[in-house]
Protein chains: 2
Amino acid sequence: MADILHRIGATTSPDTVYKALTTIDGLAGWWTTKTSDAGDDVIRFRFATPQGEDGFDMKVLETVPGERVRWEVVDGPEEWIGTHVRFDLSQEDDYTIVMFRHEGWREPVPFMYHCSTKWATFLMSLKEFAETGAGRPDPDDVQVSNWH
Amino acid sequence: MADILHRIGATTSPDTVYKALTTIDGLAGWWTTKTSDAGDDVIRFRFATPQGEDGFDMKVLETVPGERVRWEVVDGPEEWIGTHVRFDLSQEDDYTIVMFRHEGWREPVPFMYHCSTKWATFLMSLKEFAETGAGRPDPDDVQVSNWH
């Protein structure tokens, strides 16, 4: 098993970051504009690709206001299904720290390398969104390679 | 053991990326301006911190033109010493793909989360430097949190 780990800090309150992780408008502000509520605690994230629409469905496993959000990937690329995503929030100095983990990858496949870099750019988008109200969600996200 | 993985693609030749990874001027163009040759195949990287100068010494283990660069961390923060860094280059479409690995962390400590995000921003700086000749090395690097 292999995990993707990241740590960012946003100069804003844990509550602001928590809202960016738990509301449709918040998630649409930094990850993908095509975010929707699919019912049954499932959030649907879609991305434009050259091959058409692609994306992930996340089952919300746990939300603790200002502290923690946990998802399970219930639909999406085969490598993602069954993996877990978690955001742990805390306060340090003037920052809300986000400890991020996308855990349970079966193999460190090239797609995992790609997703690790993409997560970093999206977490930087989350930081920007939480601090200023404007992030860089898909389709205006940062391109890191030929895989976008 | 835990690894940091990333994948970026730069619209330039493998040779250009290889030079950015194997020359003092290249490394100073995307990682830290305070890069120097310490002799005996060791490259010294220094960073300005609020506590003074900090950094890493890398022993160059392997260089294969246009293909691969491998380093061992021989001095620096305790968590880094003995870990290995590698860059594997290949060509896909119009891109030079860099598969990056910082491997052999003993524990997934918070500092590893931080370094994973910082590596992503420095690899984006490498991409920019290789494509345009101007990256964002320390001290003008992207700040990701209170740990800088």
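What you see is a predicted model, and the numbers here were worked out from it, not measured in a lab. In what follows, chains carry the letters A, B, and so on, assigned in the order in which the sequence lines appear, proteins first and then strands, with residues in each chain numbered from 1.
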Determine, using the 4.5 Å side-chain heavy-atom cutoff (strictly less than), whether [X] and [Y] are members of one ILVMFWY cluster.
X: F129(B); Y: V17(B); answer: yes
X: I4(A); Y: L21(A); answer: yes
X: F122(A); Y: I24(A); answer: yes
X: V109(A); Y: V98(B); answer: no
X: V42(B); Y: V73(B); answer: no

Is [X] close to chain B through its backbone or its side chain, or both, or neither, when contacts mean heavy atoms under 4.5 Å?
X: F111(A); value: neither
X: I97(A); value: side chain
X: V142(A); value: side chain

Just list the donor-acceptor pairs under 3.5 angstrom between chain B and chain A, please.
unit_1	atom_1	unit_2	atom_2	d
L5(B)	O	S116(A)	OG	2.7
H6(B)	ND1	S116(A)	OG	3.4
H6(B)	ND1	T117(A)	N	3.4
H6(B)	ND1	T117(A)	OG1	3.0
R7(B)	N	Y113(A)	O	3.3
R7(B)	N	T117(A)	OG1	3.0
R7(B)	O	T117(A)	OG1	3.3
R7(B)	NH1	S145(A)	OG	2.9
R7(B)	NH1	N146(A)	OD1	3.2
R7(B)	NH2	N146(A)	OD1	3.2
G9(B)	N	V144(A)	O	2.9
E92(B)	OE1	N146(A)	ND2	3.1
D93(B)	OD2	N146(A)	ND2	3.3
Y95(B)	OH	Q143(A)	NE2	3.0
R101(B)	NE	Y113(A)	OH	3.1
Y113(B)	O	R7(A)	N	3.3
Y113(B)	OH	R101(A)	NE	3.1
S116(B)	OG	L5(A)	O	2.7
S116(B)	OG	H6(A)	ND1	3.4
T117(B)	N	H6(A)	ND1	3.4
T117(B)	OG1	H6(A)	ND1	2.9
T117(B)	OG1	R7(A)	N	3.0
T117(B)	OG1	R7(A)	O	3.4
Q143(B)	NE2	Y95(A)	OH	3.0
V144(B)	O	G9(A)	N	2.9
S145(B)	OG	R7(A)	NH1	2.9
N146(B)	OD1	R7(A)	NH1	3.2
N146(B)	OD1	R7(A)	NH2	3.2
N146(B)	ND2	E92(A)	OE1	3.1
N146(B)	ND2	D93(A)	OD2	3.3

